[in-house]
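To keep things clear, I will list the structure first and then write my remarks on it.
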Amino acid sequence: MSNFQIHIEILQHIFESSSQAILILNNQMIIIKANLVAQSLFDFEENEFENKFIEIIIPELMKKTNSDMNQHITGLWNTKKDGSQSLISLQLNRIANEKGFDTVLFITNNTDNLIYKLALEESQKDLLNIESEGNLGNWHWIFETGERYWSDEFYRICGLPPGDNRLNAETALTFIHPDDRKMALELVTQTIEKHIPYNIEKRIVQPNGTVRNVIARGNVDYNSKGDPVRLSGTMKDITILRHEQEALIESNRKYKTLINNLNGIVYSCKNDIGYSASYISEGCYAITGYTSDEFLNGSINLGNIILKEDRTDVKNKINKALSQKNHFDIRYRIQCKKGTINYIREIGCGVYNDNGTHVSLEGFITDETEQKKTQEILEVRNRALEAAGSGIVIADALNPNLPIIYCNQSFTKITGYDQSEIIGKNCKFLQNNDKDQPQIKTMSIALQEEKPCQVILRNYRKDGSQFWNEITITPIKNKIGKTTHFIGIQNDITKQKTAEILKDDIRDILELIAEDATLSSIGNKIIKSIENQLSEFATIISIQNPKTNMFEKLLKSKELKTLSKKFNKTEDSEITLFQTAFDSNMEITITDVASLRNLINHTDLIVASGIK
């Protein structure tokens, strides 16, 4: 059985075994499921609930619900199958689904509480006629005869079966909690002497040590002479109610603690000019400098601290949201008690009564001042990065592929790639196939060891052209020392590097001349040097024959050799002209290049040979 099936069975078991009546309604408020307690409460069989509209059995429910996802509703009457009614309260929870909302009702029968309320409001003589119903016990004491009477429910409240002789005139006081006995005796004495009925909450200790909370009420009857003749009263077990009250108090305490520890302000206020607060949490002091008492007693209002320049915009946005019955999410500035300006975000909504009339605003206010300052600092830094002359990239060090997550405009200008072509790639793509560079290994080791480094590499632009790239890499660590990013600063130093290479080449050529090297060796070195400096050109070196006074080809670059071989394979007459020039000492002049239409068809040969 899968975990899902197990969870379903558990939920089904909870649903069926719950001591509360539970109804599940669809988004049209039609009953689709009822547990056994609900069937008993409403006196319907399970199949009789199906497709029944909730207002049939709880007529006033729809009038007391609102749009809240969770709502506690009291003072409702349910209608049973036989037409009789009982007082109930319920907890309504809405659960979102693809069609809207399902509604779950947890229903409590409050008939017993109603009987208790009526018992407290009725006179003493009427209460004497009420027997054990709703945990309400009765008793009386006839002074002249010493006769005492306790109802069956009174015995049960004391933890005894009806008629148990452990409850008698001598032991009755011992059932009262020791800490409450003095107070109970004083009130009875006061009732007899001053003809004042008593109403007291006290504790009863049962023989097994269980403590019950009760409300006891009593009165004295007098004869015609004014002498007391009988003391009678009732005792209501309110233990469950007291526990619920204590739970509610504890819940309110936790709720208040939670609200006061939130990093913001929880409020409820009127939608008037000053947004007069009826409730505001203690977080208001940290954000505004004013205490909650100052807001609640009217010394200051929320509307008064909004900057004048922002008030109209705030008002318009709140009223627009209210007109559409939507939440509002607004940002504005306030002036704090010390005169400082804070940036505020407020999220709230309107509160409406049963008639749909707007009565107040409720919401949550947070201070975004620090975020605003941080955002401004980041914007300045971003502008500085974009304005920098060097290419800057940031790579994600937590990803083993070290993808680029940011590059500035200078980097795109240096490389010729658009930002969309760069983000997500490793910087290795700039190396093309030129991987056999010693400093690539130096850089890789530094990255693996998460150390800074500086290298100079041959990189290649989008158009294939080479450039010399001076790269400085710096690891960025977080608070716990873990490397999270690498920042790479790149400078195109092609001019400087080319100048250095030219100096080295000139020195090498001069050394060859000094060593009386062959013309071929010197010529090859000169061709290599020229091609290093002028990558857009191919080179031919010719030497003048003193006998014929003609220039004879001495050396030519490998690009021309490659192209010559390719031209030999074509029979095009126009290409033959170039072939003759490449392979001989003849000078060929073309006066009208545009007339050589077929040359365009052989552009691929020229490009493939390395000539541009």
Side-chain angles (χ1 to χ4, degrees), residues 380-397 401-448 450-476 485-508 525-539 557-559 607 609-612:
V380 171
R381 288 179 180 175
N382 287 339
R383 289 196 296 270
L385 288 174
E386 290 301 323
S390 301
I392 299 175
V393 296
I394 300 175
D396 182 0
N401 294 323
L402 301 180
I404 298 171
I405 61 172
Y406 169 82
C407 70
N408 69 349
Q409 292 182 0
S410 293
F411 185 81
T412 63
K413 290 178 180 179
I414 292 172
T415 64
Y417 289 94
D418 293 332
Q419 191 177 62
S420 60
E421 298 173 299
I422 297 169
I423 300 301
K425 289 185 178 180
N426 185 292
C427 275
K428 292 178 181 178
F429 78 96
L430 294 176
Q431 298 168 10
N432 281 358
N433 295 320
D434 192 1
K435 308 291 185 183
D436 190 18
Q437 302 182 57
Q439 293 212 359
I440 290 179
K441 185 175 181 181
T442 301
M443 181 175 64
S444 298
I445 293 173
L447 290 172
Q448 291 174 4
E450 299 178 355
K451 293 180 178 179
C453 72
Q454 186 177 60
V455 296
I456 297 176
L457 299 177
R458 293 185 298 273
N459 281 170
Y460 297 86
R461 300 182 180 90
K462 184 177 180 180
D463 61 8
S465 60
Q466 176 190 296
F467 69 98
W468 288 94
N469 195 358
E470 181 186 64
I471 305 169
T472 302
I473 298 175
T474 305
I476 302 299
H485 298 87
F486 287 105
I487 293 181
I489 299 176
Q490 312 196 26
N491 291 299
D492 182 352
I493 61 166
T494 304
K495 290 182 179 180
Q496 301 95 303
K497 190 67 176 178
T498 302
E500 291 175 9
I501 293 173
L502 179 59
K503 289 180 182 178
D504 293 340
D505 288 345
I506 292 172
R507 185 180 64 251
D508 293 342
K525 185 63 179 178
I526 292 172
I527 286 176
K528 184 177 180 182
S529 177
I530 293 172
E531 289 179 350
N532 283 337
Q533 298 299 317
L534 304 172
S535 59
E536 301 285 324
F537 296 87
T539 309
S557 64
K558 64 179 181 179
E559 286 80 3
V607 173
S609 70
I611 297 177
K612 298 181 182 178

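Only heavy atoms go into these numbers, but all of them, side chains included; no hydrogens, no water, no symmetry mates.
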Quick check against the 3.5 Å criterion: does Gln419 have a side-chain atom that pairs as donor or acceptor with the backbone of Cys407? yes
CD1-CZ distance between Ile489 and Phe411, expressed to the nearest 0.5 angstrom: 12.5 Å
NZ (Lys497) and CZ (Arg458) are apart, to the nearest 0.5 Å, by 9.0 Å
pair Asn491-Gln496: side-chain heavy atoms closer than 4.5 Å: no
Counting distance only, does the side-chain N/O of Asp396 pair as donor-acceptor with the main-chain N or O of Pro403 below 3.5 Å? no
What's the separation between atom CD in Gln437 and atom CD1 in Ile456, rounded to the nearest 0.5 Å? 11.0 Å
Between Ile414 and Gln490, the two heavy atoms sitting closest are CD1-O, 3.8 Å
Kindly compute the distance separating CZ (Phe486) from CD1 (Ile476), expressed to the nearest 0.5 Å. 9.5 Å
Considering only heavy atoms from C-beta outward, does the side chain of Asn433 approach that of Tyr460 to under 4.5 Å? no
Looking only at heavy atoms, the pair that brings Pro452 and Ala446 closest together is O-CB, 4.4 Å
Is it the case that the side chain of Gln439 and the backbone of Leu457 share a donor-acceptor pair, with hydrogens and angles ignored and the cut-off at 3.5 Å? no
Please give me the minimum heavy-atom distance between Cys427 and Ile404, naming the atom from each residue. SG-CD1, 3.6 Å
Test side-chain contact (heavy atoms from CB on, under 4.5 Å) applied to Gln454 and Ile471, step by step: CA-CA 6 Å; Gln454 186 177 60; Ile471 305 169; over 6 Å; no
Say whether, by atom type as modelled, one donor and one acceptor occur between the side chain of Asn408 and the main chain of Ser390 under 3.5 angstrom. yes
Under 3.5 Å: donor-acceptor pair, side chain of Asn432, backbone of Asp434: no
To the nearest 0.5 angstrom, please state how far the CD1 atom of Ile423 sits from the CD1 atom of Ile394. 9.5 Å
With a cut-off of 6.0 Å (strictly less than), are more than 12 heavy atoms of other residues, nucleotides or ligands near NZ of Lys435? yes
Euclidean distance, Thr415 OG1 relative to Ile422 CD1, rounded to 0.5 Å: 4.5 Å
The criterion is salt bridge (Lys or Arg N to Asp or Glu O under 4.0 Å); which residues satisfy it with Lys462, sequence neighbours excluded? Glu421
Does the Thr494 side chain pair with the main chain of Trp468, one donor and one acceptor, at a distance under 3.5 Å? yes
